[in-house]
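These numbers come from a predicted model, not from an experiment. Numbers here are sequence positions counted from 1. Both counts, for ligands and for their atoms, begin at 1 and track the order of listing.
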Amino acid sequence: MSLAPLARIPKAELHLHIEGTLEPELAFALARRNGVTLPYADTDALREAYLFADLQSFLNLYYGLMAVLLTEDDFEALADAYLARAAEQGVRHAEIFFDPQAHMARGVPMGTVVTGLSRALARSEERHGVSTKLIMCFLRDQSAESAMETLEAAKPYLEHIVGVGLDSAEVGNPAAPFREVYEAAAALGLRKVAHAGEEGDPSYVWEALDVLGVERVDHGLRSLEDPELVARLVRDRIPLTLCPLSNVRLRAIDVLEEHPLVKMMDAGLLCTVNSDDPAYFGGYAGDTFHAVHEALALDHERVRELARNSFVASFLDGSAQDEALRARYLAEVEAYPLDDITG
Ligand code: HPA
Ligand code: ZN
């Protein structure tokens with residue numbers, strides 16, 4: 001089914017794990033190519049396993065399926081498939097996470113991952129009309145020493161990487177041990193984001209801000225529980241990269257109708273909506289816009305505000321060239337004819 005015009009409004013995707021775009025069909029194709037045996041009979045059986053109780057139950061499957069990603073060509077194919085789908089969904093700019101530790105632990109070197117992804121990203125503007133940036137995430141359920149070694153391993157590839165993030169199992173894995181690695185990343189000129197407040201309480205968001213010094217919070221879903229935190233996020237114009245379909249699938253909320261997005265926007269928070277791990281959570285960026293428009297009865301101005309916010313919150317501010325690109329995208333958002341369309 002093709003996507004409604006409203007959902008294809010020009011937008012940036014700021015919270016997207018490239019490994020979370022691995023569709024079952026590509027997973028099985030890569031498994032065949034690489035001689036990897038998956039513990040599922042076929043793509044239907046794999047899809048049937050996509051019933052998650054929480055973040056950890058998803059992560060178990062997500063890390064397991066990465067076994068099929070071995071070569072530069074595999075990472076290139078993964079990223080190219082995502083960018084083609086993103087383009088169909090109105091994505092004009094994508095800031096893409098990857099999890100190098102999950103690959104290095106399987107014997108796949110940093111260079112294989114970054115070179116493969118970068119090959120797809122380098123052609124993306126020409127082939128798909130989507131500009132891109134790459135953000136390297138540290139796994140918060142691994143040690144800070146491992147994160148520091150990962151940063152070291154990334155040094156030959158920093159021309160391809162705009163920033164660092166922090167993901168994986170949140171509760172019980174506070175950000176504080178990662179202070180030094182974030183300081184080292186900043187000293188290398190890297191931008192800083194971190195997952196916080198997805199399952200964790202507002203203290204995790206405070207720590208991302210005060211200990212890591214992040215300039216954007218990934219999720220931040222539980223921020224409304226702490227009015228002082230809201231005041232801080234509003235004062236400093238810290239963007240939140242919310243992922244509503246992910247929140248439903250990982251049971252952070254019961255149903256999309258209960259998502260606090262509108263309350264968060266009303267509180268003055270700079271909200272964006274994103275797809276997180278779209279192969280697993282039932283929708284890409286445009287599908288996500290469509291779903292929140294329907295479930296939360298967003299009017300056209302709210303939809304336009306979300307699209308505008310996505311470019312405002314992006315890292316398209318590092319150079320005159322990036323600023324010009326952002327200005328062009330923002331003009332596309334304002335010119336997009338929402339009032340003539342329904343759905
Ligand atoms: N949360 C934390 N870590 C992740 C996620 C997520 O939603 N997706 C992939 N790694
Ligand atoms: Zn995420």
- Between F311 and K11, is there a cation-pi geometry (under 6.0 Å to ring centre, at most 45° from the normal)? no

- Message: For E19, which part has a heavy atom under 4.0 Å from ligand 1: side chain, backbone, both, or neither?
- Response: neither

- Task: Could you tell me the residue and atom name of the protein heavy atom closest to atom 5 (C) of ligand 1, and the distance to it rounded to 0.1 Å?
- Result: H17 NE2, 3.6 Å

- Pair R33 + D73: basic N to acidic O under 4.0 Å: no

- Query: If you measure from each heavy atom of E170 to ligand 1, is any distance below 4.0 Å?
  - Reply: no

- Task: Using a strict 4.0 Å threshold on nitrogen-to-oxygen distance, state whether R222 and E199 make a salt bridge.
- Result: no

- Item | Single-linkage hydrophobic cluster, 4.5 Å side-chain cutoff, L83 and L22 together | yes

- Query: Short N/O distance, under 3.5 Å, between H15 and ligand 1?
  - Reply: no

- D277 N/O under 3.5 Å from ligand 1 N/O: yes

- What is the nearest protein non-hydrogen atom to atom 7 (O) of ligand 1, stated with its residue, atom name and distance? D276 OD2, 2.8 Å

- With the threshold set at 4.0 Å, does a side-chain nitrogen-carboxylate oxygen contact exist between R85 and D287? no

- Query: Of all the heavy atoms in F58, does at least one lie under 4.0 Å from an atom in ligand 1?
  - Reply: yes

- Side chain, backbone, both or neither: which part of Y62 comes within less than 4.0 Å of ligand 1 when only heavy atoms are counted? side chain

- For the Zn ion (ligand 2), decide whether C243 has an N, O or S atom at a distance under 2.8 Å. no

- Task: If you have a sec, work out which protein heavy atom is nearest atom 3 (N) of ligand 1 and how many Å separate them, to one decimal?
- Result: S168 N, 2.8 Å

- Residue, atom name and distance, where the atom is the protein heavy atom closest to atom 1 (N) of ligand 1: E198 OE1, 2.8 Å

- Task: May I ask you to check whether over 12 heavy atoms, not counting those of E126, lie within 6.0 Å of atom CD?
- Result: no

- Task: Give the ring-plane orientation class for H17 versus F97, where under 30° counts as parallel, over 60° as perpendicular and anything between as tilted.
- Result: tilted

- Reference residue H15; test side chain to side chain donor-acceptor pair (under 3.5 Å); the match among T272, N274, D167, D276: D276

- Query: Checking only N/O/S atoms, does H219 have one that is under 2.8 Å from the Zn ion (ligand 2)?
  - Reply: no

- Task: Run the contact test for D218 against ligand 1 with a 4.0 Å cut-off on heavy atoms, strictly below, and give the result.
- Result: no

- Item | E95 with R216: basic N within carboxylate O range, under 4.0 Å | yes

- Of the N, O or S atoms in H195, the one nearest the Zn ion (ligand 2): NE2

- Do you know which N/O/S atom name in D276 is closest to the Zn ion (ligand 2)? OD1

- Message: Only to 10 degrees, please: what angle do the NE2 atom of H17 and the NE2 atom of H15 make about the Zn ion (ligand 2)?
- Response: 110°

- Under a 4.0 Å N-O cut-off, is there an ion pair linking E228 with R235? no

- Item | Sole residue of R237, R191, K192 in side chain to side chain donor-acceptor pair (under 3.5 Å) with E215 | R191

- Query: Between S246 and ligand 1, does any nitrogen or oxygen pair lie at a separation below 3.5 Å?
  - Reply: no

- Ligand-side contact atoms (ligand 1) for residue partner H219, heavy atom cut-off under 4.0 Å: 7 (O)

